[in-house]
2 protein chains.
Amino acid sequence: MNKEITIYDIAKDLGVSPTTVSRALNDHPAVNVKTKQKIFDAAKQMGYRSNVFASNLRSKKTNNIGIIVPRLNSSFQSSVLAGMEKVANDAGFNLIISQSLESSEKEKANARTMFNSRVDGLLVSLASNTENVEHFNAFLDKGTPVLFFDRVASNSGCTGVVIDNTQAAYNATKHLIEQGCKNIIHVLGNTKINVYADRLKGYKYALMDHEIPFNSKNVIYSDLNEEAGEDIANKIINKKTLPDGLFVSNDACAASCIQTLKQAGIRIPEDIAVVGFNNDIISRLIEPNLTTTHYPGYEMGEVAMKNLINHLGDNSKGVLQNTNTITLRSELIVRSSSLRQKTT
Amino acid sequence: MNKEITIYDIAKDLGVSPTTVSRALNDHPAVNVKTKQKIFDAAKQMGYRSNVFASNLRSKKTNNIGIIVPRLNSSFQSSVLAGMEKVANDAGFNLIISQSLESSEKEKANARTMFNSRVDGLLVSLASNTENVEHFNAFLDKGTPVLFFDRVASNSGCTGVVIDNTQAAYNATKHLIEQGCKNIIHVLGNTKINVYADRLKGYKYALMDHEIPFNSKNVIYSDLNEEAGEDIANKIINKKTLPDGLFVSNDACAASCIQTLKQAGIRIPEDIAVVGFNNDIISRLIEPNLTTTHYPGYEMGEVAMKNLINHLGDNSKGVLQNTNTITLRSELIVRSSSLRQKTT
DNA sequence: TTTTAATATGAAATCGATTTCATAAATCAA
DNA sequence: TTGATTTATGAAATCGATTTCATATTAAAA
C-alpha cells in the first residue's frame with residue numbers, strides 16, 4: 001500500500017510551487033506550456049491521481065449527479081438511465097443512483113442522502129405516492145438544480161422532461177375508436193402521478209370527441225405489473241358486457257392480460273382490440289403483436305441529463321433557467337393486436 | 001444561498017470545542033451523554049449537515065461503491081442493480097454506476113474514473129471483449145476490494161458471484177435430450193466470457209453423457225439481442241436438416257427466434273423444442289411459454305453487495321478474504337416450448 | 001528609455017472534518 | 001490521604017487541493 005502522490009510531491013520533485021502544479025493539472029492558461037508539459041509528464045510518471053475530496057472541499061463542486069428512480073429493474077427506467085449515463089460520462093460527471101421503490105418515505109431518505117453527498121444536480125422520477133415535493137426544497141434553497149423526468153411535479157417550478165401523455169393516450173384511444181371500438185376499458189396506475197392522470201384525460205377527451213359517453217366503470221386502476229395483468233383480464237371476463245377495446249398503460253401488463261384473455265377463448269383483436277404503452281421489447285414478441293406508444297426512454301435520459309448539465313455551468317443563470325417543460329415526441333405504433341380493418 | 005453550518009459554528013454556539021462536536025456527532029463513547037444530546041439538538045436546530053468531503057479527505061473513506069456493468073438497459077442487469085442498491089442503501093453506501101457498453105476500452109476508462117473517485121470497493125461485470133483484468137490492479141494495489149459478478153475473471157484472485165453455468169446448460173441440454181431431441185443447436189455469446197464458455201461446456205457434457213456426437217456446426221455465436229433472433233431463426237430454417245432442439249442463451253433472443261420460426265410454419269415444440277435462459281418476464285408471455293433457467297439477478301446483486309461490504313470493514317482481513325467464488329442456485333423451469341411428452 | 005501591460009510563478013490562507021496528544025476533573029484502590 | 005485510573009474535553013496538526021494576493025519577469029507601447 002504505497003503512499004499517494006500529491007501535488008506537493010510533484011512540486012518538490014520539479015522545484016516549482018504546488019500552486020503551479022495545481023494550475024498546470026487544471027490546464028490553467030497562466031502556466032507556461034513547457035512547465036505544463038513537464039508537470040504532466042512528472043504526474044504521469046509518478047502515478048499521481050487527483051484527490052477529489054480535497055478538490056471538492058475547496059472548490060465546492062462534486063461532479064456528482066444524483067438520480068432517484070422509482071425502480072431500477074424496469075425496462076423503461078433502465079433505458080432512461082442508460083441515456084443519462086452516456087451523457088454524464090461523456091461530460092465527466094459521476095452518477096449516484098438510488099431507487100425509491102415507489103415509497104415516498106424512501107424517496108425522502110434518498111433525497112437527504114443525495115443532499116448530504118452534495119450532488120451538483122438531481123434528476124428525479126417521482127414515487128407513485130409522493131404528494132408533494134417539499135423534500136427537494138433544500139436543494140433549491142442551495143441553488144442546486146433539480147430536474148424531473150417522466151413522473152414530474154406539476155407545481156414545482158423545476159424543469160420537467162416528459163412526453164405528451166394526454167395526446168398519446170388520446171391517439172391510442174382514437175385509434176381504437178377508429179377500429180370500431182365503442183366500449184373501451186382503460187387500465188392505468190395511480191393518478192397522483194401526472195403520467196396516468198394525463199393519460200386518463202386523453203382517454204376521456206378522445207371519447208368525448210367521438211361522442212362516446214365516459215363510463216367510470218371502464219377505468220381500472222392497477223399496479224400495472226405482470227401479475228396484475230391476469231387480475232385485470234379476469235375482471236374483464238367477468239363483466240356483464242364484454243368490452244370491445246382495451247387500452248393498458250403498460251406493455252408487460254397488456255401482454256399478460258392478452259395471454260389470460262386468449263386462454264379464456266377471447267380473440268384479439270376481433271373480440272377485444274388491445275393497445276399497450278411503452279414499446280417494450282415484449283410488444284414485438286407477443287402474439288398478436290401489440291399496438292403501443294413508443295416512449296423514448298433513452299432519449300429522455302439524454303435530454304434530461306444534457307439539460308441538467310447545462311443548468312450547472314454558471315453561464316446558465318440566464319434564460320435557460322426558464323425552461324419549464326421539455327416535451328419529447330412519442331408515437332403510436334399500430335400492430336395487429338388492434339388492427340381490425342386493414343385500411344389505414 | 002445561506003451559508004453552510006459547520007462543526008465550528010456549533011462549537012462556538014455551545015461553548016465547546018470542535019473536537020467534541022465532531023466526536024459527539026460520530027457517537028464517540030468518550031463524550032458525555034448530556035453534552036452529546038446538547039450537540040445533537042443544536043446540530044438539528046441549526047440545520048447542520050456533515051461535509052462528506054472534509055470527512056473523506058481526512059478519514060480516507062468515501063462510502064461510495066463503484067459498479068461497472070456492460071449495459072444498464074438490460075433486464076437482468078437492472079435486477080442485479082436493484083438488489084445491490086437495496087443492500088448498499090441500507091448499509092449507508094452510495095452507488096456510483098457506469099456502463100461499459102461491452103467495450104473493454106470504456107471499461108478501462110470507467111475503472112480509472114472510479115479509481116480517481118476513490119470508491120471504497122468495486123463491483124464489476126465484464127465487457128464481452130475484455131481479455132484481461134489488469135486495469136483493476138490499481139485497486140488491488142491500494143487494497144480496494146474488487147468483486148466480479150455474473151461475468152467474472154477466471155484468473156484474477158478476486159471473489160466472483162456466479163451461477164453454475166455449466167450445470168445449468170447441462171440441465172437444459174439434458175432436458176431437451178430427454179424430450180427426444182437428437183440434433184440440438186446451441187446459441188450463445190462470445191466465449192471470452194465465462195458465462196458462455198461454461199454453458200458451451202455444459203452443452204457438450206450433456207451430449208457426451210448421452211452419446212450424442214458434438215457437432216461444431218450446431219453452435220451459433222450471436223449478440224443475443226432481439227434482432228439477432230430473427231437471423232438465427234433464418235440460419236436454422238436454411239439448414240439442410242432441421243434441428244429438433246434449440247437452446248438459446250437468452251430469453252429475449254429465444255423469443256424472437258421462436259416468433260420467426262413460427263412464421264415459417266415450424267411448430268414449437270413438436271418440430272423444434274426450445275429452451276431459453278434467464279427467466280425474463282418475456283418467457284412467461286410468449287407462446288408457447290418458454291422453458292428457461294431461472295437466473296437470480298436480484299439475489300445475485302444482494303449477495304455480491306453484502307459480500308463486498310463485508311470485505312470493507314477492517315474486521316475482515318482474515319478468512320473472509322479467501323472466498324473465491326460464490327455460486328448461487330439456478331433452476332431449470334420447464335414450460336411448454338420444450339415439453340413433448342407430458343410425463344416428467 | 002521609460003511606462004504599461006501581459007505573462008508566469010509562489011506564499012500562505014482556506015475548505016471542514018478527524019485525529020493525535022495533552023490535560024483537567026472525577027472516581028477508585030490502597 | 002495519596003497515587004492510579006477512568007472520564008471528558010480541548011489545542012493544534014492534518015488531509016490535499018484551490019484560490020487570493022503579491023511579485024518577478026518579459027514584452028509591448030509611448
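Keep in mind the model is a prediction, meaning the values are calculated, not measured.
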Practice task
Report the residue (A/Arg23 or A/Tyr8) whose heavy-atom-nearest nucleotide on DNA chain C is the more 5′ of the two.
Solution key: A/Arg23
Fill in the blank from the handout: Per-helix bend value, the helix from C/dT1-D/dA30 to C/dA30-D/dT1, C1' rotation axes over five pairs per end, 10° rounding, shows 30°
Handout entry: Stretch residues 41-51 of chain B: residues that reach within less than 4.0 Å of DNA chain D through a heavy atom
Key = none
Practice task
Indicate, with a heavy-atom threshold strictly under 4.0 Å, whether B/Phe53 touches base, sugar-phosphate, or nothing.
Solution key: nothing
Handout entry: Near-strand residues of residues 56-66 of chain A, defined as heavy-atom separation under 4.0 angstrom from DNA chain C
Key = A/Leu57, A/Arg58, A/Lys60
Problem - Selection residues 25-35 of chain B - residue pairs positive for side-chain hydrogen bond (donor to acceptor under 3.5 Å, both in side chains), sequence neighbours left out - result: B/Asp27-B/Lys36
Practice task
Determine whether more than 12 heavy atoms belonging to other residues, nucleotides or ligands lie under 6.0 Å from atom NZ of B/Lys86.
Solution key: no
Exercise for the section: Indicate, with a heavy-atom threshold strictly under 4.0 Å, whether B/Thr19 touches base, sugar-phosphate, or nothing. Expected result: base
Completion exercise
By nearest-heavy-atom nucleotide on DNA chain D, the more 5' of B/Ser17 and A/Pro18 is B/Ser17
Handout entry: Flag, side chain of A/Glu85 to backbone of B/Ser98, donor-acceptor distance under 3.5 Å
Key = no
Completion exercise
The side chain to side chain contact (heavy atoms under 4.5 Å, CB included) partners of A/Ala138 (sequence neighbours excluded) come to A/Phe115
Completion exercise
Contacts of B/Arg58 meeting side chain to side chain contact (heavy atoms under 4.5 Å, CB included) (sequence neighbours excluded), chain-then-number -> none
Practice task
For B/Ser22, report the nucleic acid contact type (base, sugar-phosphate, nothing); a contact means any heavy atom under 4.0 Å.
Solution key: base
Practice task
Indicate the atoms forming the closest heavy-atom contact of A/Met114 with A/Ile97, along with that distance.
Solution key: CE-C, 4.4 Å
Handout entry: By side chain to side chain contact (heavy atoms under 4.5 Å, CB included) - contacts of B/Ala153 (at least two apart)
Key = B/Leu126, B/Val133, B/Phe148, B/Asn155, B/Ser156
Practice task
Taking atom types as modelled, find out whether B/Ser117 and B/Asn64 have a side-chain donor-acceptor pair closer than 3.5 angstrom.
Solution key: no
Problem - Set of residues satisfying side-chain hydrogen bond (donor to acceptor under 3.5 Å, both in side chains) with respect to B/Asn63, sequence neighbours excluded - result: none
Handout entry: Residue pair A/Val52 / B/Arg118: nearest heavy atoms and the distance that separates them
Key = N-NH1, 4.3 Å
Problem - Boundaries of the chain B footprint along DNA chain D (any atom under 4.0 Å from a heavy atom) - result: D/dA8 to D/dG16
Problem - Test item: A/Ser59 side-chain N/O and A/Ser55 main-chain N/O as donor-acceptor pair under 3.5 Å - result: yes
For residues 8-17 of chain A, tabulate all N or O donor-acceptor pairs below 3.5 Å that involve a side-chain atom, not counting sequence neighbours.
unit_1: A/Asp9; atom_1: OD2; unit_2: A/Thr6; atom_2: N; d: 2.8
unit_1: A/Asp9; atom_1: OD2; unit_2: A/Thr6; atom_2: OG1; d: 3.4
unit_1: A/Ser17; atom_1: OG; unit_2: A/Thr19; atom_2: N; d: 3.4
unit_1: A/Ser17; atom_1: OG; unit_2: A/Thr20; atom_2: N; d: 3.2
unit_1: A/Ser17; atom_1: OG; unit_2: A/Thr20; atom_2: OG1; d: 3.2

Exercise for the section: Answer with yes or no whether the side chains of B/Thr62 and B/Asp120 bring together a donor and an acceptor at under 3.5 Å. Expected result: yes
Problem - Neighbour count above 12 (heavy atom, 6.0 Å) for A/Lys192 NZ - result: yes
Completion exercise
Expected list for residues 9-16 of chain B near DNA chain D, using heavy atoms below 4.0 Å, is B/Gly15, B/Val16
Handout entry: Partner set under salt bridge (charged side-chain N to carboxylate O under 4.0 Å, His left out) for B/Arg49, not counting sequence neighbours
Key = B/Glu4
